[in-house]
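Here is the structure we will look at.
All values reported here derive from a predicted model rather than from experimental measurement. Chain letters run A, B, ... following the sequence lines, proteins first and then strands; every chain starts at 1.
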There are 2 protein chains.
Amino acid sequence: MNSTQYVLLSLLAREPLSGYDMKQQVDGRISFFYKMNNNQLYPSLSKLEADGLIRLQSHEKESYRPTKKVYAITDEGLACLKAWVTEPSEPEAWDEFLLKQYSSWLVEPDVLISILETRRREHEERLNGYKEKVAAFREQYEPLSSDHPFFSTVAVIEMGIGFERSYIEWCSNMIGWLKENRI
Amino acid sequence: MNSTQYVLLSLLAREPLSGYDMKQQVDGRISFFYKMNNNQLYPSLSKLEADGLIRLQSHEKESYRPTKKVYAITDEGLACLKAWVTEPSEPEAWDEFLLKQYSSWLVEPDVLISILETRRREHEERLNGYKEKVAAFREQYEPLSSDHPFFSTVAVIEMGIGFERSYIEWCSNMIGWLKENRI
DNA sequence: GCGCCCATGTAAAAGGTTACATGATTAG
DNA sequence: CTAATCATGTAACCTTTTACATGGGCGC
């Protein structure tokens, strides 16, 4: 199972769609963190169907158009998707985690909270690592001149720090929201 | 020219290194946004050398060890790297932009400032787009239940908002710093 | 008539991942 | 004597990207 297949399952978990419609949705709605092309799309659909994770719901020939094949997710497909979403991701895999979060509505709030807490801890560790690196650089090489390699090294790590901070904040917001609305 | 080749140029712009040392540096220092393996490494080095962008500086046989091939960047290589760094990246390509910023010390501050300002503007537009999307969702579907697909949709866009914000802030910090230290 | 939209797909090439291969030395 | 480190590389596989192919209808 590759990530394209999980994306297709994620979309079909929401509503039945044709291959063409799935591509439209990916392009229009989640293109900022995932891109798909026809080459991955149709073979992935065939494989999902062969594995029994999706099934052909209708096969309409609308007048002149090519037969539109609308697929729906099966119970096995839904179980497979749920298992993938709750399975831990590596901290580097931003996009995989985002894809999983796109199906977080399938997961029980308590399970989701514990996933988010683990994730937050990992990113707090990374954040501290980056902070230490930058502090060491700044101490040793102050003042930094913009034509020195370390200027860029520090700049790149600063970007990492920003991302980790917003990641951690997002986890906290999600956890807070889930705990408030759990009762 | 693929991104691996630019990474190698970025490292050699800082100091002469052997293939093995480049891999060590990538693994140890910039692994959080870039990964490299031997398969890409050695063919890329050969190609860069064939294209005259790097040259073999020394070819030492230290007693028992395999001959260590230390490469240095050429003037053509430096020009090529500089051209790549100043060339605009698409807003989606985070990692490419980060790689380019790793060599930003080669670029004149004024040029770098204008690159960062363009970049910031692009991300401000994206941020506004996401904000509008979330507002529309929240207005239509309040209150959001955590077992409804839109809960996840909104969550994912919120993460995008966080990233865009930290990106914009980083650009602003860089621009501010460069302007202060320009005189 | 030209190009775009719908809707399915395929082929070829480039890029990336995993694992293996050599071969000497040093640390346990 | 086993495993790890240094240092080069190759082979096989998987994924991704780019482009093409079909074919009718619709707007300009």
Restricting to side-chain contact (heavy atoms from CB on, under 4.5 Å), what partner residues turn up for L98(A), sequence neighbours left out?
F33(A), V156(B), M159(B)
Listed partners of E87(A) passing side-chain contact (heavy atoms from CB on, under 4.5 Å), at least two apart
W84(A), K100(A)
Show me the protein contacts with nucleotides 10-14 of chain C, counting only N or O atoms at under 3.5 Å.
residue, atom, partner, partner atom, Å
dA11(C), N6, N39(A), OD1, 3.3
dA11(C), N6, N39(A), ND2, 2.5
dA12(C), N6, N39(A), ND2, 3.0

Of all residues at least two apart in sequence or in a different chain, which pass the ring-ring contact (aromatic ring centres under 6.0 Å, His included) check with F151(A)?
W177(B)
Suppose we screen for ring-ring contact (aromatic ring centres under 6.0 Å, His included). Which residues come up paired with Y34(A), at least two apart in sequence or across chains?
none
Which residue pairs pass the ring-ring contact (aromatic ring centres under 6.0 Å, His included) test when at least one of the two sits in residues 108-127 of chain A, sequence neighbours left out?
H123(A)-Y167(A)
Please list, one pair per line, the donor and acceptor atoms closer than 3.5 Å that link side chains of residues 6-14 of chain B to other protein atoms, with sequence neighbours excluded.
residue, atom, partner, partner atom, Å
S10(B), OG, Y6(B), O, 2.8
S10(B), OG, S103(B), OG, 3.2
R14(B), NH1, T153(A), OG1, 2.7
R14(B), NH1, Y102(B), OH, 3.3
R14(B), NH2, P149(A), O, 3.2
R14(B), NH2, T153(A), OG1, 3.3
R14(B), NH2, Y102(B), O, 2.8

Any residue of residues 4-25 of chain B with a heavy atom less than 4.0 Å from an atom of DNA chain D
S18(B), G19(B), Y20(B)
Please list all pairs passing the salt bridge (charged side-chain N to carboxylate O under 4.0 Å, His left out) test where one or both residues lie in residues 16-30 of chain A, with sequence neighbours left out.
D21(A)-K68(A), K23(A)-D27(A)
Quick one: ring-ring contact (aromatic ring centres under 6.0 Å, His included) partners of Y42(B), sequence neighbours excluded?
none
Applying ring-ring contact (aromatic ring centres under 6.0 Å, His included), name anything that partners F32(A), two or more places apart in sequence or on another chain.
Y130(B)
Which residues within residues 44-58 of chain B lie with some heavy atom under 4.0 Å of an atom in DNA chain C?
none
